[in-house]
Amino acid sequence: MPFGECTITLQDVAYQLGLSVDGRYVSGCLSEFHLYIQSGHPAWVWFQELLGVVPPPSQVQKYAVNCSWFQETFGECPDGADDETVRQYARAYIMMLLGTQLFGDKSGNRIHIRWLPYVARLEEISLAQIRLMRTSGVHSF
């Protein structure tokens, strides 16, 4: 590898985002996505519970939400936000990372809600990882 370049491994991503690298894979046919939602919640009800808002129908194509809506809605966390609002913005930001930077698809402009299970238990991310994000300059989404 030339000087100044590096390789980001799956373990690096798991450490930074607190995601499990063992267990069920994050791929496959999504035509029956609604069957995989926890607790029998409809997908968009779960979306509302985790992110506090549901995108308008014009911003949704099946189970994918336009990136522009995510950016407009969760572009910057408001000053003085309560803990739940911060969690919602963090979930949205992680979904944007997963759906565009790490596991982008052919659309290039939509984020599939298959990432909901991976951001649902955000409070399980360790305090050390939160401190690392703060020191690396992640202040706004």
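Side chains included, hydrogens not; waters and symmetry mates left out as well; all remaining heavy atoms used. All figures in this text were calculated on a predicted structure; none of them were measured in a lab.
Between W46 and I113, the closest side-chain pair of non-hydrogen atoms is not below 4.5 Å. The closest side-chain heavy-atom distance from N66 to P55 is not below 4.5 Å. Within the 4.5 Å cutoff, the side chain of H112 has no heavy atoms near those of the K62 side chain.
Contacts of P56 classified as side-chain contact (heavy atoms from CB on, under 4.5 Å), with partners at least two apart in sequence or in another chain: S58, Q59, W69. Partners of T9 by side-chain contact (heavy atoms from CB on, under 4.5 Å), not counting sequence neighbours, listed by chain and number: Q11, D12. With sequence neighbours excluded, the residues satisfying side chain to side chain donor-acceptor pair (under 3.5 Å) with T85 are D82. Residues passing the side-chain contact (heavy atoms from CB on, under 4.5 Å) test with D83 are R87, sequence neighbours excluded. Take Q48 and apply the side chain to side chain donor-acceptor pair (under 3.5 Å) test, not counting sequence neighbours, and it matches no residue. Residues passing the side-chain contact (heavy atoms from CB on, under 4.5 Å) test with L51, sequence neighbours excluded: F47, F70, F74, R91, A92, M95.
In this structure, OG1 on T73 lies 7.5 Å from OH on Y89, to the nearest 0.5 angstrom. Atom OH of residue Y93 and atom CD of residue Q71 lie 10.0 Å apart, to the nearest 0.5 angstrom. Here the straight-line distance linking atom CD1 of I111 with atom SG of C67 works out to 4.0 Å at 0.5 Å rounding. Summarising the geometry, atom CD belonging to E84 is positioned 8.5 Å from atom CG belonging to L50; distances are rounded to the nearest 0.5 Å.
In terms of heavy-atom proximity, L116 sits nearest to A43 at CD1-O, 4.1 Å.
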Report the C-alpha separation of C77 and V86 in whole Å, then their side-chain angles, then the decisive distance to 0.1 Å, and conclude whether the side-chain contact (heavy atoms from CB on, under 4.5 Å) test is met. CA-CA 7 Å; C77 191; V86 171; 4.0 Å; yes
